[in-house]
Amino acid sequence: QLQLVESGGGLVQPGRSLRLSCVASGFTLDYYAIGWFRQAPGKEREGVSCISNSGTTYYEDSVKGRFTISRDNAKNTVYLQMNTLKPEDTAVYYCAAAPSNSDYSITDFHSWGQGTQVTVSS
């Protein structure tokens with residue numbers, strides 16, 4: 001069974017950092033793109049960042065320069081380093097997998113994790 005589990009969320013003050021982890025079980029990440037998404041209360045789920053199976057990275061405009069996505073295939077894990085966090089980054093963060101030939105439409109992603117809450121507040 002393909003499964004992704006997120007961790008690393010929490011409550012932090014504006015300007016601080018968090019690192020989220022997305023660990024895969026039941027399959028190897030080597031052949032998949034992995035995306036990070038977030039959903040704030042009352043809002044639709046949105047894409048934050050994505051990393052292809054070859055390591056190419058993509059970022060949503062509001063997080064460029066602040067967030068960094070990376071993958072460690074040996075650990076079957078994808079990370080999202082989030083720096084200079086802002087209150088508007090508050091959301092539940094999810095990771096999901098997509099086929100390597102995906103165009104990264106949200107409908108291509110599967111094996112969604114349960115999410116990890118990130119709250120940025122003073």
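Heavy atoms only: backbone and side chains are in, while hydrogens, waters and symmetry mates are out.
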[X] side chain vs [Y] backbone, donor-acceptor pair below 3.5 Å:
X: Thr57; Y: Ile51; value: no
X: Gln3; Y: Gly26; value: no
X: Asn53; Y: Ala33; value: no
X: Asn83; Y: Gly15; value: no

To the closest 0.5 Å, what do you measure between [atom1] ([X]) and [atom2] ([Y])?
X: Glu6; Y: Cys95; atom1: CD; atom2: SG; value: 4.0 Å
X: Arg71; Y: Asn73; atom1: CZ; atom2: CG; value: 4.5 Å
X: Met82; Y: Thr84; atom1: CE; atom2: OG1; value: 11.5 Å
X: Gln81; Y: Ser17; atom1: CD; atom2: OG; value: 5.5 Å
X: Thr28; Y: Leu2; atom1: OG1; atom2: CG; value: 11.0 Å
X: Asn76; Y: Ser25; atom1: CG; atom2: OG; value: 8.5 Å

* Asked: Taking the six-membered ring for Trp, are Tyr32 and His110 parallel (under 30°), tilted (30 to 60°) or perpendicular (over 60°)?
  -> perpendicular
Please tabulate, for side-chain N and O atoms in residues 34-50, each donor-acceptor pair with protein atoms closer than 3.5 Å (sequence neighbours left out).
from  : atom 1 : to    : atom 2 : distance (Å)
Arg38 : NE     : Glu46 : OE2    : 2.7
Arg38 : NH1    : Asp89 : OD1    : 2.9
Arg38 : NH1    : Tyr93 : OH     : 2.9
Arg38 : NH2    : Glu46 : OE2    : 3.3
Arg38 : NH2    : Ser62 : OG     : 3.3
Gln39 : OE1    : Arg45 : NE     : 3.4
Gln39 : OE1    : Arg45 : NH2    : 3.4
Gln39 : NE2    : Lys43 : O      : 3.1
Ser49 : OG     : Tyr58 : O      : 2.9

Say whether [X] and [Y], considering side chains only, have a donor N or O and an acceptor N or O under 3.5 Å apart.
X: Thr77; Y: Asp72; answer: no
X: Ser121; Y: Thr119; answer: no
X: Asp108; Y: Ser102; answer: yes

Going only through I, L, V, M, F, W and Y residues with side-chain contacts under 4.5 Å, is there a path from [X] to [Y]?
X: Tyr104; Y: Tyr94; answer: yes
X: Val63; Y: Tyr79; answer: no
X: Ile106; Y: Leu4; answer: no
X: Tyr31; Y: Leu29; answer: yes
X: Tyr59; Y: Leu85; answer: yes

Side chains of [X] and [Y] in contact at under 4.5 Å (non-hydrogen atoms):
X: Val78; Y: Val23; value: no
X: Leu80; Y: Phe67; value: yes
X: Val118; Y: Thr90; value: no

